[in-house]
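First up is the structure itself, then whatever we jot down about it.
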Amino acid sequence: MPQRVMLEGAGPGAQVPAHLTRVPISLIGTDTDYSDKTVKGKVVRKGPLVSLASDNFILKTVIEEEDSPPKASSQNPSINVVLFGALAEDFSQAVNQGDVVVASGFTVGRSPTFNKDKLHPFNLLLSGDDACVYVSRPLPPPPDPRSPPASKRSSALPAEVSRTKAPKYTYSRLDDLKAGSVVNTYGVVVFFKQPFKSRGTDFCSTLKITDQSNEKIGCTVFCEKLEDHPKVFQVGDIVRLHRVKVQFFNNSMTLVNTFGFSVLAFDGAEGGSMEPRTSSRSFHLDQEDRRTVEELRSWTCSQALLPPVPTTPLSAAQPKTYFDLTCQLLAKAPIDSSCTLLRVWDGTRCAHTLLKVIVEQNVTEGPSSFSKGRESLIASVLVYDNHVESAKQLKPGDFLRIYNLRAIPGSSKVPGRSQSEEEGGDHLLFHLHGGTAYGRGIRVLPENSQDVQELKRVMEAVPEEAEDDFSELNDSLLMEVWSTPPQSPAAETTECSTVRSCGHDTQPVTLSELKRSDPGQVHHVRVQLRSYEPHRLHQALKLYCSKCTKMQDVPDDELVAGLFSEASQDSEPCIFPRWALSGRVLGSGNSPTFPRRSLSVHLSTQLLCEDKTRELIFLMGSTLEETCRLAAGYQNIVPVMSSGGHMTLLDLSAPFLFRGRKRYYGCKRCSEVTVREPSCAEGVELIDEKIVAEALGVQLLQFVLLMKLELQDATDTLDVFLWRDAELFFGVSAEDVAANQEAQNRIRQTMDSLCPVGGSAGERPWMDLCLTAYRAEVEAGQNQTCYQIFQSTVTKPASTPSDGSTVTG
DNA sequence: GCTTAGGGTTCG
């Protein structure tokens, strides 16, 4: 058992393997995989070495995070660490109180002493192969006589104080294989087949691997149990094979598993997870293995062996092509003995209408139908022959990768009836043909895999329930507005955090403490952003009436354009007010469809006298587009129409005022519209939206931003609103967000930095926030405690390379 | 017991 305490001669942290990322002690919980994580802290208490049985020991120690940001709390976060076996022995000898240690390869358990010591609800457990402690300490060297000479300590590899050596494996390069020998080897997968049933007793899987030698070697694995097979998900994955026999076949070397065979598979991407995929409980993985994987990853990268995109989303599926699909199974139904229907989705919309295969009633596993909006995103996959057997193992909800799926256009060859038999045309369904050519097959992806996390993000951004085509169209239009220009969020490494400006003198509390507090209080918390709504950020922009306190969505362009068009239909004669001087203005159209035409316009005589003709006009009969274009030349444009022979405003769902790119809306409940001459008394320098609204009897609606954020710390999660101080939080005005792209980008970038897409918890920066808790009526008669972020601002410090710690002040 | 497969698109 290779259990170790590493002594570092150089500075702290210098020799902790680079692929490990550090987790703040405050964030330790049980719902995370810590296999590639570290925790760092100073040993503030070191318990005695306790002998449990012969050759088994236990030692308890407390470490405290030294470099957590100041003012976070009166006390630095600390946690109990329990070490077992030889590691406990080594730790006892090699580590002193006051040393700074980095622990890796630990698991997390509930702390049984939390109620007593109030240290941390969880503790770290270090035992087994992977557990490791790195000690950084200034010289002199430790008192352990077995410790290697100082010269070695300053080398790239940490010196080790270990009583037991790892069983040593040697790995053959692929250009150095001798027929008949049994070897261990590493390789990058360039081709693979999922396990399939052989004619014999076993499942068979096929790999072709390569390494820096550039040899490409085929490899066949026979195992009765599926879980013993290589867990390869995509080309570029790295495998470590133990005990494979080298054989000659057709003039080339091949590898076949032999007695004692085992395999680990790794993500092949640089910076990917170091957690090996295996069903084996007793595998050994040390620093050298990790380095080998890193080296293969960078070689793979230099050779461009990894496919640029692992799989094709449904939105990019083209008729008659083969592709791999990552998706979620929603329902399945048998068609006949050699065909099964899988209904899947990936959150993207296929460019072609998806064909729905109708099956007999009561044979579907999972829901037999979905909302209209959802149905339009679901693809029918017909799997044949040998794949029917693997489909039997699948359950609705599973995340799948389907290899070598083929997009089939039209609907003529569908078993059973199909919804669009008469339509023919541009419909798609998908076939997984029989056989295993080109790696054809299905694989269930583990829920914690990076690809599934990404898939879920995409799916979560899809609106919950049926939305008709109209609103989806508008969503996609607005999405374009929000996402241009396409920025590369990956390139942005800026740490992002927040500062409070509330001035309260309150100590930060944990979320679980906060939840136990009475409402009506102010709290300070230190949290990360776990998720947020709405994902389509344009939906965060609302209109708010300060009089009736009602909130509404911003009407979309299609609706507004409709109101303009309706208003211009009305051609009944109109008596214009006496103060208004009528004229014509030339519209902006210049195409046959939109001819340039003159529009009826009305000016205030007073303004005319003051030679302020461009400051305010009343415009009649224009389209939305014409109004927008004219808005470039006039400071204030009020669209008007004729109603009952009088000039009046359009329906208040339309903006009552255009000021440059900004549009202003009025509250339908609280406005009492009369078109009057604005009281531009002398001395009024500028006609703005307030003056116009007042003149017209319009209760001006305010642009606001409203979001729901899910916050998280080590103890709990909490939903909070970001509303009243949303502008302060983002450093933009909601009015600007409504009108310009830069302000929209700023919000998008802020959210991306607080909650990177596909990012792990470790990548999310910490935020210091001020929260208020209050009772509010959520539904009729239902009071609930709500939380809102106050007086907190996101700060973006100059982009500095992070030291791996995620905490910023 | 000690084979099975040994990549290379489709019946639908």
Side-chain angles (χ1 to χ4, degrees), chain A residues 177 179-180 182 187-210 215-226 228-230 232 234-235 237 239 241 243-261 307 312 317-325 333-342 355 357-359 379-389 391 402-418 421 427-443:
Chain A
L177 302 176
V182 172
V188 180
V189 175
V190 293
F191 172 78
F192 65 104
K193 282 184 181 184
Q194 298 300 332
F196 58 93
K197 199 87 185 92
S198 73
R199 285 172 218 262
T201 57
D202 296 331
F203 282 98
C204 172
S205 44
T206 299
L207 301 177
K208 186 171 274 178
I209 58 174
T210 187
E215 285 289 331
K216 294 187 175 56
I217 305 288
C219 177
T220 308
V221 174
F222 294 108
C223 287
E224 209 168 348
K225 292 188 198 153
L226 276 173
D228 295 337
H229 282 261
V232 173
Q234 73 167 82
V235 164
D237 281 356
V239 289
L241 303 165
R243 297 184 199 88
V244 284
K245 194 158 70 185
V246 184
Q247 295 182 336
F248 239 122
F249 180 79
N250 272 352
N251 283 331
S252 54
M253 300 278 191
T254 57
L255 300 170
V256 181
N257 62 312
T258 177
F259 182 73
F261 165 80
T312 304
Q318 289 303 320
K320 298 182 182 170
T321 58
Y322 291 89
F323 64 104
D324 296 343
L325 176 70
I335 300 288
D336 59 42
S337 63
S338 69
C339 181
T340 296
L341 168 70
L342 305 180
L355 190 138
V357 176
I358 310 290
V359 297
S380 298
V381 176
L382 293 169
V383 308
Y384 289 97
D385 305 340
N386 51 319
H387 308 299
V388 169
E389 191 57 35
I402 307 178
Y403 300 92
N404 200 234
L405 194 58
R406 189 175 183 213
I408 307 285
S411 57
S412 53
K413 294 174 178 173
V414 187
R417 295 183 295 124
S418 82
E421 266 169 338
H427 288 62
L428 276 192
L429 86 163
F430 302 89
H431 282 187
L432 186 65
H433 292 298
T436 63
Y438 280 87
R440 209 172 283 152
I442 306 177
R443 152 78 74 179

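The sequence lines fix the lettering, A, B, ..., with proteins before strands; numbering per chain opens at 1. Nothing here was measured: the structure is a model prediction, and the numbers come from that model.
- Counting only heavy atoms from C-beta outward, the side chains of L325(A) and T312(A) never approach each other to under 4.5 Å.
- Stacking annotation: F222(A) is not stacked on the base of dT3(B) (requires ring centroids less than 5.5 angstrom apart and an interplanar angle below 30 degrees).
- Between V221(A) and C204(A), the closest side-chain pair of non-hydrogen atoms is not below 4.5 Å.
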Practice task
Assign a letter to each nucleotide of nucleotides 6-11 of chain B from its 5' end: B, base within under 4.0 Å of a protein heavy atom; S, sugar-phosphate only; -, no contact.
Solution key: BBBBB-
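- Taking the syn range as angles within 90° of 0, the glycosidic angle of dG7(B) is outside it, so the base is anti.
- Residues that satisfy the side chain to side chain donor-acceptor pair (under 3.5 Å) test with N404(A), not counting sequence neighbours, are R440(A).
- The separation between E224(A) atom CD and dC2(B) atom C1' is 12 Å, rounded to whole Å.
- Across dT10(B) and dG6(B), the matching P atoms stand 14 Å from one another, rounded to whole Å.
- The nearest whole Å value for the distance from the CZ atom in F192(A) to the C1' atom in dA5(B) is 18 Å.
- We find that NZ of K245(A) is positioned 14 Å from C1' of dA5(B), with the value rounded to whole Å.
- A distance-only check finds a donor-acceptor pair linking the side chain of S380(A) to the backbone of L355(A) [under 3.5 Å].
- Here dA5(B) presents its P atom at 18 Å from CD of Q194(A), a figure rounded to the nearest Å.
- If you take NE2 of H387(A) and C1' of dG12(B), they are 12 Å apart, rounded to a whole angstrom.
- Inter-residue side-chain proximity for T206(A) and F196(A) is flagged as met; some heavy-atom pair is nearer than 4.5 Å.
- Put simply, the side chain of F430(A) reaches to within 4.5 Å of the side chain of F323(A), judged on heavy atoms.
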